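Okay, so here's the structure we're looking at.
Computed from a predicted structure; not experimentally measured. Chain naming here is simple, since letters A, B, ... match the order of the sequence lines and numbering starts at 1 in each. Because only heavy atoms are used, hydrogens play no part in the values below, and waters and symmetry mates are left out as well, while side chains stay in.
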Number of protein chains: 2
Amino acid sequence: MKTKIVIDPDDFPQDLRQGLAVLAADMATHGTRRIDPPREVMAMMGDRWTSLILQVLMIGTWRHADLKRALAALSEEQAISQRVLTLKLRALERDGFVARHATADVPPRVSYRLTPLGTELAQEGRRMIDWVNERSAAILQARTTFDQRDD
Amino acid sequence: MKTKIVIDPDDFPQDLRQGLAVLAADMATHGTRRIDPPREVMAMMGDRWTSLILQVLMIGTWRHADLKRALAALSEEQAISQRVLTLKLRALERDGFVARHATADVPPRVSYRLTPLGTELAQEGRRMIDWVNERSAAILQARTTFDQRDD
DNA sequence: CAGCATCCTCGGCGATACTG
DNA sequence: CAGTATCGCCGAGGATGCTG
């Protein structure tokens, strides 16, 4: 695993070299690519369901089927498939964001809740959701302006 | 476009209904699904390149080819293709996060820089990167623990 | 140099059926 | 009820060649 990032001065404009070297140093700290775990987590947050799942789990502890219905109510147009809900919850559990509790009953009772770490993540997600919503008018405006030129 | 989200009491456990109704109200405010623009932006931030592009653009104003080289240096294993870089920059430009400046020269000189809104977004991204990095040890620990049970 | 067109691969996600 | 297995679609993203 290569952790040292070499910036060849000849490859970049003089005024950007220093800043790039600083960023490169940031990205290569601690013997691992510091950009990788963030990218993985941000990819989760940006996928079809995870950020919504986290917001619903902020409410409390949910059984699988109830959670599926709650997501369907919030998403409206398309419900999450049972298979994907299982996949998403497992990924969150794997990274320590969600705790899974199952009983040996028949039929099974499985419930999910946020861990402290997952609660933090959900709060970060909520922060990002609010940030975008506060700026959505500007974003949508930029979009229509962009789409109307040329074409 | 349906903005009112109806929560049927019979569908959910009593202790979760109230919280779900509150969340549903949050998600349906302002005559549009408030969850949609956030999901779009978060999807961008979570894709293969956008968050890294934003961090590099924080340094200054970049020409297309220089930016491509900078991303390659930071990413190491695989360079972004020229086609995808164009796509990502255009998406950022469309939403008002990046400003594109082109001269009529031959060969063309095209440069990209963050808008004020884009600078904010890059800072949010940096915040998220740092947040994950501060917790990456815990996340990786949870991952190995999870992977070692069963199998 | 920057961008576009074309082709291709791969993974996310949905649908369905089946099991403990 | 929760989970798995199987199948299929579609879009993200990479590779290459061409153009102004």
Side-chain angles (χ1 to χ4, degrees), chain A residues 11-13 39-53 61-72 75-94 98-113 146 149-151, chain B residues 11-13 39-53 61-72 75-94 98-113 146 149-151:
Chain A
D11 285 348
F12 303 101
R39 271 260 328 285
E40 293 165 3
V41 173
M42 292 169 76
M44 294 180 63
M45 298 293 290
D47 73 15
R48 179 74 179 80
W49 292 106
T50 298
S51 62
L52 193 56
I53 290 172
T61 299
W62 292 81
R63 296 187 63 186
H64 184 103
D66 291 331
L67 179 53
K68 184 173 187 299
R69 268 191 297 275
L71 293 167
S75 167
E76 173 185 5
E77 20 210 80
Q78 180 148 24
I80 187 173
S81 68
Q82 176 215 38
R83 171 182 165 273
V84 172
L85 179 54
T86 299
L87 289 176
K88 296 303 171 189
L89 289 169
R90 181 156 309 163
L92 288 168
E93 184 192 5
R94 187 170 107 98
V98 160
R100 177 183 182 274
H101 181 72
T103 67
D105 301 355
V106 172
R109 294 184 66 91
V110 184
S111 60
Y112 297 89
R113 60 176 174 78
F146 181 92
R149 73 175 179 228
D150 317 327
D151 296 343
Chain B
D11 285 347
F12 303 101
R39 271 259 329 284
E40 292 165 4
V41 172
M42 292 169 76
M44 294 181 61
M45 298 293 290
D47 73 16
R48 178 75 180 80
W49 292 107
T50 298
S51 63
L52 193 57
I53 290 171
T61 299
W62 291 81
R63 297 188 61 186
H64 184 103
D66 290 332
L67 179 54
K68 184 173 186 299
R69 267 191 299 274
L71 293 168
S75 168
E76 173 186 4
E77 16 211 82
Q78 181 146 24
I80 188 172
S81 69
Q82 175 218 36
R83 172 181 166 276
V84 173
L85 179 54
T86 300
L87 289 176
K88 294 304 170 189
L89 288 168
R90 181 154 310 164
L92 288 168
E93 185 193 4
R94 186 169 108 98
V98 160
R100 177 182 183 274
H101 181 73
T103 67
D105 301 355
V106 173
R109 294 184 65 91
V110 183
S111 60
Y112 297 90
R113 60 176 175 77
F146 181 91
R149 73 174 179 229
D150 316 327
D151 296 344

Exercise for the section: Flag the pair B/V98 / B/I53 as yes when at least one side-chain heavy-atom distance between them is below 4.5 Å, and no otherwise. Expected result: no
Practice task
May I ask you to verify if any side-chain N or O of A/R109 is less than 4.0 angstrom from the OP1 or OP2 atom of D/dA2?
Solution key: no
Handout entry: Contact boundaries on DNA chain C for chain A, cut-off under 4.0 Å to non-hydrogen atoms
Key = C/dC13 to C/dG20
Practice task
Taking A/R69 for its side chain and B/D11 for its backbone only, find out whether a donor-acceptor pair lies under 3.5 Å.
Solution key: yes
Handout entry: the helix from C/dC1-D/dG20 to C/dG20-D/dC1: angle between end helix axes, five pairs per end, rounded to 10 degrees
Key = 40°
Problem - Gap between atoms CD and P, on A/E93 and D/dA2 respectively (whole Å) - result: 14 Å
Practice task
Please report the C-alpha distance between A/R39 and B/S75 in whole Å, then the side-chain angles of each, then the deciding distance to 0.1 Å, and finally whether the side-chain contact (heavy atoms from CB on, under 4.5 Å) criterion is met.
Solution key: CA-CA 12 Å; A/R39 271 260 328 285; B/S75 168; over 6 Å; no
Exercise for the section: Report the residues that fulfil side-chain contact (heavy atoms from CB on, under 4.5 Å) with B/E40, sequence neighbours left out, ordered by chain and then residue number. Expected result: A/R143
Handout entry: side-chain hydrogen bond (donor to acceptor under 3.5 Å, both in side chains) contacts touching residues 82-91 of chain A (sequence neighbours left out)
Key = A/D47-A/K88
Practice task
Could you tell me which residues satisfy side chain to side chain donor-acceptor pair (under 3.5 Å) with A/R94, sequence neighbours excluded, listed by chain and number?
Solution key: B/D147
Exercise for the section: Working to the nearest 0.5 Å, report the span between CG of A/L89 and CH2 of A/W62. Expected result: 12.5 Å
Exercise for the section: Work out which heavy atom in B/V84 is nearest to a heavy atom in B/W49; give both atom names and the distance. Expected result: CG1-CD1, 4.1 Å
Completion exercise
Between CH2 of A/W62 and P of D/dA2 the distance, given in whole Å, is 13 Å
Exercise for the section: Please figure out whether A/P108 or A/R90 has its closest DNA chain D nucleotide nearer the 5' end. Expected result: A/P108
Under-3.5 Å N/O pairs linking protein and nucleotides 13-15 of chain D:
from: D/dG13; atom 1: OP1; to: B/R48; atom 2: N; distance (Å): 3.0
from: D/dG13; atom 1: OP2; to: B/K88; atom 2: NZ; distance (Å): 2.2
from: D/dG13; atom 1: N7; to: B/R83; atom 2: NH1; distance (Å): 3.4
from: D/dG13; atom 1: N7; to: B/R83; atom 2: NH2; distance (Å): 3.4
from: D/dG14; atom 1: OP1; to: B/W49; atom 2: NE1; distance (Å): 3.2
from: D/dG14; atom 1: O3'; to: B/Q78; atom 2: NE2; distance (Å): 3.3
from: D/dG14; atom 1: N7; to: B/R83; atom 2: NH1; distance (Å): 3.1
from: D/dG14; atom 1: O6; to: B/R83; atom 2: NE; distance (Å): 3.4
from: D/dG14; atom 1: O6; to: B/R83; atom 2: NH1; distance (Å): 3.1

